[in-house]
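In what follows, a single structure is set out as structure tokens and then discussed.
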Amino acid sequence: MLRKLVMLIAVAGLSFTAMGASAQSFTLVGQNDLRYSKDHLTVAPGETVTVKLVNKSHLPAQAMAHNWVLLKAGADADAFDDAAQSAAANDYFPKSRAQQVLAHTDMVAGGESDTVRFTAPDKPGDYTYICTFPGHFAAGMKGVLTVR
Ligand SMILES: [Cu+2]
């Protein structure tokens, strides 16, 4: 009887945990205006976050590709973007600075999309995301993910 009760409590605890683990999904669209369709995302600490980046441009990939790179707190977005410009062979993702990145999609051409899933930081604050295709961040293709 006691064993049955313990089992029941354990199962109840498990399902409570499953319900308590929150998740959020966002779809960001990039076109030719060098903006993300959303420049502000808000998530809870430790939440499972899914970001889908869709490139709806009709221009060729060499002219208008996009990615979504979420930087850690304290990472210098300008310096990161500078480094990215030298990483053309790696789709403008600077491997040398990978430790400054919380999550990122692949570079996607028009008509393509890529999805990334990650765990939001536990620490509340603002985290910058940028597109590292040449000129896009400088033109304003960026946003902020707020953890609170
Ligand atoms: Cu872009």
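Counting convention: from 1, in listed order, for ligands and their atoms alike.
In this structure Asp81 satisfies the side-chain hydrogen bond (donor to acceptor under 3.5 Å, both in side chains) test together with Gln85, sequence neighbours excluded. Listed by chain and number, the residues in a side-chain hydrogen bond (donor to acceptor under 3.5 Å, both in side chains) with Asp33 amount to none (sequence neighbours excluded). With sequence neighbours excluded, the residues that form a side-chain hydrogen bond (donor to acceptor under 3.5 Å, both in side chains) with Asn32 are Ser57.
The aromatic ring centroids of Phe80 and Phe137 lie 6.0 Å or more from each other.
Tested against His66 for a side chain to side chain donor-acceptor pair (under 3.5 Å), the candidates Gln31, His136, Lys56 yield a single pass: His136.
For the Cu ion (ligand 1), the set of protein N/O/S atoms nearer than 2.8 Å consists of His66 ND1, Cys131 SG, His136 ND1, Met141 SD, ordered by chain and number.
With a 4.5 Å cut-off on side-chain heavy atoms, Glu112 and Asn55 do not count as touching.
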